[in-house]
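Only heavy atoms go into these numbers, but all of them, side chains included; no hydrogens, no water, no symmetry mates.
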Amino acid sequence: MSANKTTTTTAPAAPAEPSLSPLREPRYTPAEIEPRWQQRWADQPDLYGAEPASSGKPKYYVLEMLPYPSGQLHMGHVRNYAIGDALARYMWMTGHNVLHPMGWDAFGLPAENAALKNNRPPREWTLQNIAAMKRQMSRIGFSYDWRNEITTCFPEYYRWNQMFFIRMFERGLAYRKKSKVNWCPECCTVLANEQVIDGRCWRHEDTIVEQRDLEQWFLRITNYAEELLGDLSKLEGWPEKVRTMQRNWIGRSEGAEVTFDVEDAAGAPEDEDPSRQAGTAVLPAHETVKPSDKKITVFTTRIDTIFGATSVQLAPEHPLVKEFAAADAKLGAEVAALLDQQKNAREAGDIGAIEKHGVFTGHYAINPFNGERLPVWVANYILLDYGTGAIMSVPAHDERDHEFAKKYGLEIRIVILPHRTADQEQNGADEPLIPYTAEDSLLINSGDFNSLGNLEAQKKMAAFAEENGFGKATVTYRLKDWGISRQRYWGTPIPMLYCEKDGIIPVPDGDLPVLLPENVEITQTGGSPLGHLPEFVNATCPKCGGPARRETDTMDTFVDSSWYFYRYTSARDNSAPFDTAAVAYWFPIDQYIGGVEHAILHLIYSRFWTKVMRDLGLVQNDEPIERLFTQGMVIKDGAKMSKSRGNVVSPDEMIARYGADAARAYALFAAPPDRDLDWQEDGVAGVSRFLGRVFRFVTKYADRAQSANTVPSAPASTTSQALLRKLHQTIRKITQDFAGRWHFNTSIAAIMELVNTVTAAEPAISKGEVPDAVLAVILRDLVLLLAPFAPYLAFELWEQIGQKDNLLRAPWPKYDEALAREDEIEIPVQINGKLRTVIRVAAGADEETLRDTALAAEKIQAATDGKTVAKLIIVPGKLVNIVVK
RNA sequence: GCCCGGAUGGCGAAAUCGGCAGACGCAGCGGACUUAAAAUCCGCAGGCCCGCAAGGGCUGUGGGGGUUCAAGUCCCCCUCCGGGCACCA
C-alpha cells in the first residue's frame, strides 16, 4: 500500500459542503487510518516475530494471561492487553528481542453449555469464538506473534497434558483416591479447593458447592508445599499482596502430633461418678488401665499446653468415631446430627460461624504426658481434612476449646501464665483473662516442664514425645492436593486405563494423544459424557492385551494454563511439549500481566507445574515468572462491568466511535494500571480529541520536517530552546515511567503537555522562528513517544514525516539532561510556612542568592517589616521559608 | 476477628525523596470562528470572604491528635470503602 498523502490526509467525503475552504485542515479519521494499517501489518507475518537467540539482543518475554474464548473481548481484556502491548512496543524500541505471544484457553464448560443450548459441537463454537476474538485483537492492533499461537483444545496441545500426567503418575505425583470433593451442581462436575470461593463455585457465584464422595485423580501439589512457600520470598517482582494470598492459601502451621492411647472400655473400672457418665471430668491416672489397640493422634500447635488438656475432640467423620458408633446406636445418631451440621455449615461457606455442638463417646484417652484419662468427644467444628481430624482440648488456653468447655461443663485448667516482674509477683498480679493464649508465657502445673518458657517448652515437649514414641514435631498445611478430574466432555481426556487383571495402567506414550472424540452428544444426565461412548470406553490393556476400560473424566482446564507459556517458545514443535533450548533462552517470563483473580488459582498451579517439570529434567528454572503485574478491574458506574448490571461497554462500539488508539490510550490514561479504572465514555472522547490535535499538528508541519536536516545545528531561538527543553523533559518522564512504576496515565499526560506546549508555540513556528531541523526532531520524537500507546496514529504520522524505517524497531528517543534543564526556575517563598510570593532565579542559584532575592522581594519586605527574622530555611532548587516573630 | 489496599475539586486523577496541593483530562462557564450548528481555537475555573477591578485574605487532601521551619506524604488513634484469610487446632 502506498503512502499517498492525498488519500490519507483528506477527509472522507463529508455531507455536501459546497464551499470547502482551501485552508481546511485535514481531519483525524481513525476509521480510515486504522484498517489501512491493520492490513499492512497483516501482510507482514514476521512483524512481531521473536528473533533467534543468536540475535545478540537482550531477550524480553512479555506475556498477558491468555483469554477464555467467550467470543467477545471485554474492556478488562483491552486494558490488560493495552498494558502488555505498550510494554512490548517499548521493549522493541529499546533494542530487545521480544517474545509477545497470545493463545486460547479453549477447553471448558461454556462451550459445552453452548452446545446444549444451541445444539452445536463445542469445537465449532469455540473455534468460531476464537476467530471473532482474534479479529478484535487485530483490529485493536495488538502486537502478537501469531506464529506461536496456541489453542489448548487442539490435540497438538493437550497431548502434552496427557504426557505430563503420565510422567506424574509414574512418580506418584498423580494418584487416584476416593474422597470428599466439591461438586458444583451447575457445572455438574467436581471443583478443586481453589475453585470454591466462600462455599460457592468460582464460576457461579450463586451456586452452593456440595460435598460428594467420589473417586478422583489428584496431583500431589502438597509435595511441593514447602518449596512453593519458601520460594515466594524469591519472587521480589511479584506484588506483595499476591505473595501473601499464596502464603495464606498454603497455610503452613508448625506444631506437633501426639498419640493418645484409648482406654479399653472393658478394662476400665466401674465408676459411679456422674461426671464419668457425662464425660466432663478428667480422671486420674489409673494403674489398671489397659490401653486398647485404639489410638488417637491429635495435631496441635500448642503442645506446651498439653497438661491443660481436659478432653480429646474428634471430627464426626473420624474413623474411630465410626467404630464407636457401630457399637452404640444412640451415639451413631448423635454423630450423624453433628456431621449434618458441619456439612450444612460448610456448604453455606460459614463453617466459622457454626454453633458448637458435641457429644461424649463414653471413651477415655490417656494423656501420654501425665497418664490422665481424658474424655473423648465428637464435635461438629472439628474437620477431618485438617491436621489429623482430632484435637486435644485445652479450654484455658484456646478460644474455641474454652467456648466448648463452658457449654458442656468441661474442666478448665490453667497451665501457662504471663511472665511477671518481681513486683507483680509480690503484690499478686491479676490472674490472666481466660482463655489466655499468649505466645510468650511460662509453664505451670506441667510436671517436669514447669517454669519453662512456652516456646522452649514446645521444643522440649515435642522432643520428649518423640523419644518416648508417642509423638513428634510436625508441620501441617492448609493446601490440599489438586483434584483435577472433571465429569465433563470438553477437556483433556485423562490417559488412563483400567484393566481387571493389571489394574490402573497409563496409556503408552506411543498411543498418545488419547483423542477427545468428536460428535459426542452432550448430556447433563450426570456422569461423564465420554462414559456413554462404548467406542471410547472400550480399550485394550497394553500389558495383558485383555479388555480394559478407559478413564472417562477429563482434566481441569487449569492444567492447560499451568504450562502454556512454555509452549509459546516453540509452539509448532510436534516432538515435544517445547524446545528446551528455547525455554532456557526465554525463561523466566520477564513480565506477566493479568488480573489478581488468579492469585491462588492459575498462579499457584503454574508454579507447581514448573517445579514438577524441573524435577522431570525438562526445564532449569525453579519459577516461571520473574515479574508479575496485576492490573485493576474496569468499573463502570461504581460496579464491575457485568451483563446482569447492564453496565457493559463493548470494545467494538468504542472502536467504531473513537478508534482503537483512543480506546486503548484511554484505558491507560484514565488511571494507573494497578488501580481500578472507572470507564467514562467522555474520557475516551477526550483522548480522541487529543489524538486529533496531534494528527493535525504533525500533518501540518510534516513537509517542513521532511525537508529538514535531521540534526539541528546551533540552538537557535529561545522558542526552540524552550520546545526542545519540554521535549527532553517529556522523553525523560516517559522513559522513567516505563522503567519504574508504569504509571502510563502520567506518561500520556506528559505527551499531552508536550503537545500543548508545542501547539501554543504555533505562531512562532509558522513565522519560521523555529528552524525546520528543530521542528523535525520534535515531530519525530513526538511520534516515537506516542508509538507504545497509539500505534496506528504513530505509524501513520511516522510515514507522513518521511520516515522509512519500521517504527516498531525505531530507537526510543534518548533524553539529554542538559537540554532538559531549566535555566530559570520559580522558587516559592514562604513566611512561617505560608506561601507569600514566588521568585525567579537561575536554576543553579545558591543559598546566598536565594536569600538575597527572597528578602528583597516586595511582598516579603512588606511582610517582614518591623519583625525579627528568627530563622531562614533555604533549600536550593526547592523553596525559601522565612520564620519571623 | 486477622492480614493487605484505598479515601485528594462536580468527576477520573497528579504531586516518584517531607518543600508552591489539584499537573493532565472530563464535565462546566465565558469568548472567537459560523447565517446557524458541529468541529476547532482562546480564556476562566478547589471552597469561602473582601474588592467595580487589579488584587488580597482565610481555608482546604476521610476524622482527631502529634513530630517538623514545613505534612496529601512521617508517627499514634478512629471512621468508611474494596480485597484476601478465617473455629485450620
Look through every strand shown and name the nucleotide pairing with B:G82 as Watson-Crick or G-U wobble, where both distances are under 3.5 Å. B:C4

Nucleotide forming a Watson-Crick or wobble pair with B:A32, both distances under 3.5 Å: B:U40

A:Asn745 side chain near B:A14 phosphate (N/O to OP1/OP2, under 4.0 Å): yes

Regarding A:Gly251, tell me which of base, sugar-phosphate or nothing describes its non-hydrogen contacts under 4.0 Å with the strands shown. nothing

Among B:A23, B:C20, B:C4, which nucleotide has an atom closest to any side-chain atom of A:Ala749? B:A23

Against the side chain of A:Val838, the closest entry in B:C20, B:G19, B:C85 is B:C20

A:Arg689 side chain N/O closer than 4.0 Å to the phosphate oxygens (OP1, OP2) of B:C26? yes

Step by step, work out the side-chain contact (heavy atoms from CB on, under 4.5 Å) result for A:Ile882 and A:Leu855. CA-CA 9 Å; A:Ile882 302 162; A:Leu855 290 174; 3.9 Å; yes

Is a donor from one side chain sitting under 3.5 angstrom from an acceptor on the other, for A:Tyr381 and A:Gln313? no

With the side chain defined as heavy atoms from C-beta on, A:Val875 is closest, among B:C85, B:C20, B:G19, to B:G19

Might you work through the side-chain contact (heavy atoms from CB on, under 4.5 Å) test for A:Ile734 and A:Thr730, ending with a clear yes or no? CA-CA 6 Å; A:Ile734 298 172; A:Thr730 309; 3.8 Å; yes

Nearest whole Å is fine: how far is B:C3 C1' from A:Asn248 CG? 7 Å

Below 4.0 Å: OP1/OP2 of B:C3 and any side-chain N or O of A:Arg243: no

Checking contacts here: which listed nucleotide (B:G25, B:G84, B:G83) is nearest the side-chain heavy atoms of A:Met245? B:G84

Using OP1 and OP2 only, check whether a side-chain N or O of A:Ser253 sits under 4.0 Å from B:A89. yes

Using atom C1' in both nucleotides, what's the gap between B:C77 and B:C24 to the nearest angstrom? 36 Å

Expressed in whole Å, how much space separates the P atoms belonging to B:C4 and B:C78? 15 Å

A:Asn756 side-chain N/O to B:G25 phosphate OP1/OP2 under 4.0 Å: yes

Rounded to whole Å, CG of A:Leu835 lies from P of B:A15 at a distance of 21 Å

Without decimals, in angstroms, what is the distance between A:Phe744 CZ and B:A13 P? 17 Å

By nearest-heavy-atom nucleotide on RNA chain B, the more 5' of A:Lys859 and A:Ile827 is A:Ile827

Are A:Phe738 and A:Phe789 close enough that their ring centres sit under 6.0 Å apart? yes

With no hydrogens and no angle check, do the side chains of A:Gln729 and A:Glu822 hold a donor and an acceptor under 3.5 Å apart? yes

For a quick test of reading the model: is some side-chain N or O of A:Lys871 closer than 4.0 Å to OP1 or OP2 of B:C69? yes

Sugar-phosphate, base or nothing in reach of A:Ile600, heavy atoms under 4.0 Å: sugar-phosphate

Under 4.0 Å, counting only non-hydrogen atoms across every strand here, what does A:Asp676 touch: a base, just sugar-phosphate, or nothing? sugar-phosphate

When rounded to whole Å, the OH to P distance for the pair A:Tyr666 and B:C24 reads 18 Å

If I pick the P atom on B:G83 and the same atom on B:C88, what distance separates them, to the nearest angstrom? 23 Å

With both distances under 3.5 Å as the test, what is the Watson-Crick or G-U wobble partner of B:A13? none

Over 60° means perpendicular and under 30° means parallel, so classify the ring planes of A:Phe299 and A:Tyr386, tilted if in between. perpendicular

Does a donor on one side chain sit under 3.5 Å from an acceptor on the other, for A:Asp304 and A:Gln458? yes

Where the side chain of A:Lys733 is concerned, which of B:C88, B:U16, B:C4 is the nearest nucleotide? B:U16

For the side chain of A:Phe669, counting heavy atoms from C-beta on, which of B:C88, B:C69, B:C24 is nearest? B:C24

Counting heavy atoms from C-beta on, name the nucleotide in B:A70, B:G84, B:C41 closest to the side chain of A:Asn881. B:A70

If I pick the C1' atom on B:G9 and the same atom on B:G47, what distance separates them, to the nearest angstrom? 9 Å

B:U61 and B:G56, which share atom name C1', separated by this distance in whole Å: 24 Å

Provide the distance between the two C1' atoms, one in B:G51 and one in B:G60, to the nearest whole Å. 23 Å

Which whole number of Å gives the distance between the P atom of B:G65 and that of B:C29? 40 Å

Checking B:A89, B:U59, B:G12 against the side chain of A:Lys834 (C-beta onward), the nearest is B:U59

N-glycosidic conformation, B:C58 - syn within 90 degrees of 0, else anti: anti

Rounding to a whole Å, what distance do you find between A:Ile874:CD1 and B:A70:C1'? 14 Å

Of the options B:A13, B:C20, B:U16, whose atoms approach the side-chain atoms of A:Arg675 most closely? B:A13

Closest nucleotide among B:A89, B:G12, B:A15 to the A:Tyr386 side chain: B:A89

Respond yes when some side-chain nitrogen or oxygen of A:Arg247 is under 4.0 Å from OP1 or OP2 of B:C2, and no when none is. no

Take atom CD of A:Glu753 and atom C1' of B:A13, then tell me their distance rounded to the nearest Å. 13 Å

If we take the P atom in both B:A23 and B:C74, what is their distance in whole Å? 23 Å

By nearest-nucleotide position on RNA chain B, the 5'-leaning member of A:Trp249 and A:Arg400 is A:Trp249

Between A:Phe404 and A:Tyr408, how do the two ring planes meet: parallel, tilted or perpendicular, split at 30° and 60°? tilted

Check the distance between B:U68's C1' and A:Asn832's CG and give it to me in whole angstrom. 14 Å

How long is the line joining CG of A:Leu879 and P of B:A71, in whole Å? 11 Å

Step by step, would you call A:Arg243 with A:Glu236 a salt bridge (charged side-chain N to carboxylate O under 4.0 Å, His left out)? CA-CA 9 Å; A:Arg243 296 200 279 173; A:Glu236 283 164 15; over 6 Å; no

Would B:G9 be called syn or anti, given that syn covers angles within 90° of 0? syn

